[in-house]
Amino acid sequence: MKLTIQRILIVILAICSTTMMMAGCSSSVYPSDTTKVSKQWCFPLPGAKVISPFGKRGGRLHSGVDIKTKDKDNIYAAFDGEVIFSGKYYGYGNLVRIKHANGLETYYSHNSKNLVKVGEKVKAGQLIALTGQTGSATTPHMHFEIRLNGKAQNPAKYFNFTNYTLRKR
């Protein structure tokens with residue numbers, strides 16, 4: 001009987017691991033001890049392309065990156081954390097904010113539907129929302145922000161948007 005249960009567990013672990021890798025996720029440790037967020041990470045919108053980068057535009061800061069795929073595509077939590085906001089928020093439209101370790105927060109906005117609630121603990125790779133065109137969005141996409149101690153960071157410092165991997169820091 002033990003052998004059968006062990007085989008079932010091995011198959012389940014293999015399926016979970018394959019699913020995470022297909023979603024652009026990993027169970028590797030975050031690359032820097034000083035900025036360790038979790039033992040797992042996930043690219044929030046696998047297979048997507050950046051259509052608007054982080055940076056100043058017309059004297060104003062675009063505080064994240066806009067990532068485009070198809071409408072109602074799955075959005076995944078980048079790291080383990082706790083949902084601290086899930087609702088409509090001005091130009092962000094439907095927004096999910098997740099607080100992670102060491103002062104790090106991630107924002108996922110313009111969602112057609114948020115799938116998590118405030119106070120919910122989420123794991124890296126967990127489905128949290130669907131892409132959309134809410135707020136000031138002109139096309140269906142996800143606006144993705146990373147903030148450290150409240151200050152907007154360039155998400156490209158954390159993620160390689162070409163091969164959907166976490167950058168070594």
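The chain is numbered in sequence order, starting from 1.
- Of all the heavy atoms in G125 and Y76, the pair that sits closest is O-CD2, 3.1 Å.
- Formation of a donor-acceptor pair under 3.5 Å by the E105 side chain with backbone atoms of H100 is not found in this model.
- Proximity of a side-chain donor or acceptor of T134 to a complementary backbone N or O of G93 within less than 3.5 Å is not detected.
- Residue pairs meeting the ring-ring contact (aromatic ring centres under 6.0 Å, His included) criterion with at least one member in residues 46-73, sequence neighbours excluded: H62-H143.
- Linking ILVMFWY side-chain heavy atoms closer than 4.5 Å, directly or via other members, places L104 and V96 in a single hydrophobic cluster.
- Between S112 atom OG and I75 atom CD1 the span is 7.5 Å, to the nearest 0.5 Å.
- One distance of note links CG of L130 with CG of L115; it measures 5.0 Å at 0.5 Å rounding.
- The aromatic rings of F144 and F159 lie perpendicular to each other, with more than 60° between the two planes, well past the 30° mark.
- In this view, N163 and N160, T165 satisfy the side chain to side chain donor-acceptor pair (under 3.5 Å) rule, not counting sequence neighbours.
- Both I67 and F79 belong to a common hydrophobic cluster when Ile, Leu, Val, Met, Phe, Trp and Tyr are linked at side-chain heavy-atom distances under 4.5 angstrom.
- For the pair Y92 and S63, the tightest heavy-atom approach, listed with the atom from each and the gap, is OH-OG, 4.0 Å.
- A continuous path of ILVMFWY side-chain contacts below 4.5 Å connects L61 to V65, so both sit in one hydrophobic cluster.
- Contact between W41 and Y164 at its shortest, heavy atoms only, is CH2-O, 3.6 Å.
- Pairs engaging residues 124-145 under the salt bridge (charged side-chain N to carboxylate O under 4.0 Å, His left out) rule: E145-R147 [sequence neighbours left out].
- The two atoms that bring A129 and N111 nearest to each other are CB-ND2, 3.6 Å, heavy atoms only.
- You'll find the side chain of P155 reaches within 4.5 Å of the side chain of F161, heavy atoms only.
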Does I128 form a side chain to side chain contact (heavy atoms under 4.5 Å, CB included) with N114? I'd like the steps, not just the answer. CA-CA 6 Å; I128 59 168; N114 293 347; over 6 Å; no
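- In plain terms, the two heavy atoms of I98 and Y108 that are nearest each other are CD1-CE1, 3.7 Å.
- Pairs engaging residues 53-70 under the salt bridge (charged side-chain N to carboxylate O under 4.0 Å, His left out) rule: K70-D73 [sequence neighbours left out].
- Of the possible donor and acceptor atoms, none in the side chain of H110 sits under 3.5 Å from a partner among the backbone N and O of P140.
- To the nearest 0.5 Å, atoms CG (D71) and OG1 (T139) are separated by 8.5 Å.
- Between the side chain of T106 and the backbone N or O of I146, no donor-acceptor pair lies under 3.5 Å.
- Looking only at distances, a side-chain donor or acceptor of S86 sits under 3.5 Å from a matching main-chain atom of V116.
- What you find for T69 and A48 is that their closest heavy atoms are CG2-CB, 2.9 Å.
- Partners of F85 according to the ring pair (Phe, Tyr, Trp, His ring centres under 6.0 Å) rule, which considers only residues two or more places apart in sequence or in another chain, are Y89.
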Distance-only check: which donor-acceptor pairs under 3.5 Å involve side-chain atoms of residues 117-124, not counting sequence neighbours?
| unit_1 | atom_1 | unit_2 | atom_2 | d |
| --- | --- | --- | --- | --- |
| E120 | OE1 | K117 | N | 3.1 |
| E120 | OE2 | Q126 | NE2 | 3.4 |
| K121 | NZ | E82 | OE1 | 3.0 |

